[in-house]
Structure formats: C-alpha cells, structure tokens
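Whatever order the structure lists them in is the order used to number ligands and atoms, beginning at 1. In this text, all values refer to a predicted model and were calculated from it rather than measured experimentally.
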Amino acid sequence: MITSNDATELDLLLSQTKDILVQYVNQCQQENTQVVEHLCPEELVKVFDFGLEKDGVGRDGILDTIQGMLKYSVRSWNSKFIDKLYSGTDPIGVVSELMLGILNSNNHVYHVSPVTTMMEIKTAERMAELVGFKVRGGGRGITCPGGSASNQLAVITARNRKFPHIKTEGSRRGEILTMFTSTHSHYSLEKAAIMIGIGINNLIKVPCTEDGAMIPEELEKSIQESIARGESPFFVNATAGTTVLGAFDPLRPIGAVCQKYDLWFHVDGSWGGSVMFSEKLRYLIDGSELADSYTINPQKMLGVPLQCSYLLTKDPFVLQKYNSLNAGYLFHGENYDLGDGTVGCGRRPDAVKMFMAWKYNGSQGFESRVDRGFELAQYMYRKITENPRFRMVRKPASLNVCFW
Ligand SMILES: *Cc1c(COP(=O)(O)O)cnc(C)c1O
Ligand SMILES: *[C@@H]1O[C@H](CO)[C@@H](O)[C@H](O)[C@H]1NC(C)=O
Ligand SMILES: *[C@@H]1O[C@H](CO)[C@@H](O)[C@H](O)[C@H]1NC(C)=O
C-alpha cells in the first residue's frame, strides 16, 4: 500500500542518490576515467559487501552499496566503452527506467497497463510502417526480452501457423520440419531449433557470398532438396546486419523464394534493422515489406536502455492467433492484451523506453544517430586503409569494421 511514508522515504532516497548519480555520469565522461576497475570474483567479494543479513542496512547503509556498485561496475557511459550488443544509454533512457520503476506496470493485459500498452502498440505500429507492413492497419508487433527471444517467437508462431496440429498432438511420426538460415547465422536460431524440437540438423544453412550475404539461388536449391527428401520446410531467416560482418541479405529475392514455397519469411534485424529510420540507408532493407516478421533491437543501434527488442509482424493479429491459449482468467479476447501473443505471461513494458526516446528526440534523433554511426564506420575504414600496419578483412558492409 502506498502511504505517505513511502513518499517520504522515496524523497530521501532520491535526494541522497541524485547527486551521486549525476556526478557518476560526469566522472564517466572525463577523459582519464577508466572503463572499469577490474577485479576477479575472488577479489570483488572481498571489497564489496555481498552479505545478506537478518537486519537491513537501511537508508544510510545502502549508500555504500550504491557507491560500490558504481565503483566496480563497467562504465558504459565512458567513451572508451566499446562492446558488442549495446552501448551506454542517455539521460532520457534513465528517466524512462525510473518511470518503469515507479509504475511497475505489467504489459500482459490492458486493464493493468493502459498507457504503457498503448505505447507498445503505437511504437510497434510506427516501426511496422517503416518496414512496409501496410496491410490491415499497417502491421504491429510486441516487445520481447531480447533479439534471440524475438526470433524464437517468430519461429514458434510460424510453426504453429503451418502445423496447427503440433499445438495439440505434437509432431507426427516421420514428420521432419526444416528451417533455413545463412551460414553466418547467429546461434539463436539453433537454440530455437532445439526449443521447438526439430533439432539442429534440420536447421539448414544456406551458403553466403564472401561478404556474408545469403545467396537466394542457393536458398531455393536447399528448399527443393529438403522437399525432395520428404521434409516440410516452413521458415526462412534472413538477416539485416549479421553479427560479425554486418552484412545485409538481399531481402527482395529471398522474399520471392519464400512466397513461391509458402514459407514464413523472417528478417532478423536485431543489429542492422534500425536503418529503417534513415532515409539514406533504408535501401539496405529493400524488400522488407515482403517479410512476415522482423526483429529490431533498439537497445543496440538506437541507444535505448537494455532490454528493448521488438518482433514486428505484417499480420497485426498473427501472434495472438497462433500463440493464444485463451486463458480465460486473464485474457478476454481484446487485442489490447498483448501477453496473449507471447509464450510467457507477465511482461515488462520495455516499449516505454522506446516511446520516450522517440518522443524526446523525434524520428530525426534516431535518423542522425544511425547516419552518424555509418559515417564513423567509413571514417575508421579510411584511417585503417591509410595505415600500412593494419589490414582490412573486407570493406565494411555496414557498421562492423573488421580488420587485422
Ligand atoms: C544481437 C543479435 C541477436 C541477439 O539479440 P539479443 O538481444 O542479444 O538476444 C540476434 N541476431 C542478431 C543478428 C544479432 O546481432
Ligand atoms: C537468423 O540469422 C541471424 C544472423 O544470421 C541470427 O542472428 C538469428 O538469430 C537467426 N535466427 C532467427 C530465428 O531469425
Ligand atoms: C537525444 O537527444 C539528447 C540530447 O540532445 C542526446 O544526448 C541523445 O544522444 C539523443 N538521442 C538520440 C537517440 O538521438
């Protein structure tokens, strides 16, 4: 229950920590600050109090914990912090996280999360529009706990659509389902193959060009071979921005192959999918409107705090249609109960962070961030080729600059 005591305590805690946090960010961005004071686990447990006692430390004691966390954690706000998968966030990202904390709302059903559910639907609809999903209300989507989870939900939905009997009976004797992805595929698809029980060997790897892009003719050949073996192909995964080389698969011809064989066409844009915001770079995802689903991770290229990932779908109701179990105690057939379309139940409203960043800086903000990233990659590429002590692996396809 919220009492005035909670408000008073919150006020005190916030005023105690606000200066510490602001000062921390300031210090992180100083030239000579290290990215991390690295300690191995044995050393860390000696200098940081991980003990959980019968009596709590209270408001004053918790300050030590907060300061210790800041001292020994990796400083993602530091300009020398360069990691795969994510970057530091920005002030509006932190305020969004505070809003999530204050509300503690749950985007599984609308009636406990009216505003945050609509934020999720609206952000998904706008991105679905950018992808080109303009059928029946322009497509939709939901957030998932990461790109791997978004991809996996796409696989499960595609499987349930094409083989509805599996939802009730399971696989039939001798039934072999196959999925297709490029040889440069991220392991999350293998995990999905394990999860839905088709096995890694039935995830067929399609050959790529030297630059790491899938070859559509090879895809068609693999599909035909699979059909000839008596298998049932159902899913093709193309990538907008591979994890290692940053390659973009040619979506339009791959989409045409998928249509011909009636296969679910998924685009994994976890990394490169954010180019949808750039007028200049959108050509990289030409043909994306042919997809059935599209993953984008604003937590990667757009600086939205972890976690924030969306699975966008062309058919706005496809997730509910194929994943719902009609749990009567929770869901009442409204399309605003987003949890119904997932394989989970309660959900953090990660979309709030996307909505707030978008509202704050506008689409223009995302566009300049993406464009600037691509400019910096080109700058780095020039610098490396000018220096005889370095050697490029190959010319960057997008943001990944691979060199020796
Ligand atoms: C990062 C990445 C993923 C996984 O996303 P997580 O949010 O880390 O689960 C999947 N596919 C591609 C292409 C990626 O770059
Ligand atoms: C698709 O391919 C990409 C990279 O090649 C990979 O990251 C992703 O996990 C794959 N899987 C799915 C289900 O899309
Ligand atoms: C949004 O604007 C703020 C303040 O100008 C800036 O620090 C931040 O990087 C911007 N974020 C994006 C995603 O454009």
Contact check: [X] vs ligand 1, nitrogen or oxygen atoms, below 3.5 angstrom:
| X | answer |
| --- | --- |
| Thr239 | no |
| Gly147 | yes |
| Thr242 | no |

Please state whether Gln299 comes within less than 4.0 angstrom of ligand 1, counting heavy atoms only.
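Gln299: in contact with ligand 1 (<4.0 Å).
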Closer than 4.0 angstrom: is that true for some heavy atom of Pro145 and an atom of ligand 1?
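Contact absent.
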For the residue pair His165 and Phe163, categorise the inter-ring angle as parallel (less than 30°), tilted (30 to 60°) or perpendicular (more than 60°).
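Judged by the thresholds at 30° and 60°, the geometry between His165 and Phe163 is perpendicular.
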Counting each atom of ligand 1 from 1 as listed, which ones have a heavy atom of [X] under 4.0 Å away?
| X | value |
| --- | --- |
| Ser270 | 2 (C), 3 (C), 10 (C), 11 (N), 12 (C), 14 (C) |
| Gly146 | 7 (O), 9 (O) |
| Gly241 | 13 (C) |

Residues in ring-ring contact (aromatic ring centres under 6.0 Å, His included) with Phe265, at least two apart?
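Not a single residue meets the ring-ring contact (aromatic ring centres under 6.0 Å, His included) criterion with Phe265.
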Who's closest to atom 8 (O) of ligand 1 heavy-atom-wise, of Leu85, Leu306, Val244?
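That would be Leu85.
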Kindly identify the option in Lys300, Met301, Lys191 whose heavy atom sits closest to atom 15 (O) of ligand 1.
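Residue with the shortest heavy-atom distance to the ligand atom: Lys300.
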Please identify which of these residues, Ile254, Thr295, Thr181, meets the side chain to side chain contact (heavy atoms under 4.5 Å, CB included) condition with Asn237.
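Going through the options one by one, the only one that passes is Thr181.
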Candidates Asp211, Val401, Asn400 - the one meeting side chain to side chain contact (heavy atoms under 4.5 Å, CB included) with Arg394
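Testing Arg394 for a side chain to side chain contact (heavy atoms under 4.5 Å, CB included) against Asp211, Val401, Asn400 leaves exactly one candidate, Asp211.
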ring-ring contact (aromatic ring centres under 6.0 Å, His included) pairs, two or more places apart, involving residues 58-91:
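For residues 58-91: Phe81-Tyr86.
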Shortest non-hydrogen contact from Cys208 toward Thr183
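In this case the closest contact between Cys208 and Thr183 is SG-OG1, 3.2 Å.
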Does Lys80 have more than 12 heavy atoms from other residues, nucleotides or ligands lying within 6.0 Å of its NZ?
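Yes.
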